[in-house]
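First the structure, in the form of structure tokens, and then the observations on it.
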Amino acid sequence: MESYQSPKKITAYEAIFAAQRIAFSPFVFQSTRALLSLGILKLVEDAKDEGISAAEIASQLELSEYGVKVLLDMALSASLVWQIKENKHFVLDKVGHFLLNDKMTQANFNFTADVNYIGLDKLTESIQTGSPAG
């Protein structure tokens, strides 16, 4: 088979990082979905540059602080938010901004969540049988 593109020149570290990103992508997707639907990312956006603590978010949304912290940890790893070291407040990062404000990103995210996510579990079966499944 003829190759039309050379392999990327990346380090082993970059390759393992990319592989780990793929391995954890369903967690990131579902956490992001929760952050959006629960209003957590919107509160972080509204806090502007001062940021907001997990405790404040939990209180305002009547959620457990533990649950909010779990989601914010995932948000940190996905570059949706960043954290101010001095006061542990969370601030919206660029990726989070586009998830909240870019119409095309919102449409694609919602299409994946509402139409494709569960059915993708049957992709292998669909390829093997040559017919839609899931």
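Please read all numbers here as calculations on a predicted model, not as lab measurements.
A donor-acceptor pair under 3.5 Å is absent between the side-chain atoms of S31 and the main chain of V28, judged by distance alone. E65 places no side-chain N or O within donor-acceptor distance of the main-chain N or O of A58, the cut-off being under 3.5 Å. In terms of modelled atom types and a separation under 3.5 Å, the side chain of H89 and the main chain of E50 share a donor-acceptor contact. Under a 3.5 Å cut-off, the side chain of T129 and the backbone N or O of E125 do form a donor-acceptor pair. A donor-acceptor pair under 3.5 Å is formed between the side chain of E56 and the backbone N or O of S53.
Taking 4.5 Å as the limit, some side-chain heavy atom of L41 sits within range of a side-chain heavy atom of V81. A 4.5 Å side-chain heavy-atom check between L35 and L71 finds at least one atom pair inside the cut-off. L72 is not listed as a side-chain neighbour of L76, based on a closest heavy-atom distance of 4.5 Å or more. Q60 has its side chain within reach of I52: a pair of non-hydrogen atoms, C-beta onward, lies under 4.5 Å apart.
Under 4.0 Å is where a charged nitrogen must lie from a carboxylate oxygen, and between K42 and D46 at least one such pair does.
Using cut-offs of 30° and 60° on the angle between ring planes, the pair F27 and F24 is tilted.
For the side chain to side chain contact (heavy atoms under 4.5 Å, CB included) criterion with E45, the lone passing option out of L100, L99, I40 is L100. Put simply, the residue from F98, F29, Y117 that forms a ring pair (Phe, Tyr, Trp, His ring centres under 6.0 Å) with F109 is F29.
Taking Ile, Leu, Val, Met, Phe, Trp and Tyr as members and joining any whose side-chain heavy atoms lie under 4.5 Å apart, directly or through other members, the hydrophobic cluster of W82 also contains I84, V91.
V44 and M74 are not part of a single hydrophobic cluster, where members link through side-chain heavy atoms under 4.5 Å apart.
Surrounding CG of D49 are at most 12 heavy atoms belonging to other residues, nucleotides or ligands under 6.0 Å away.
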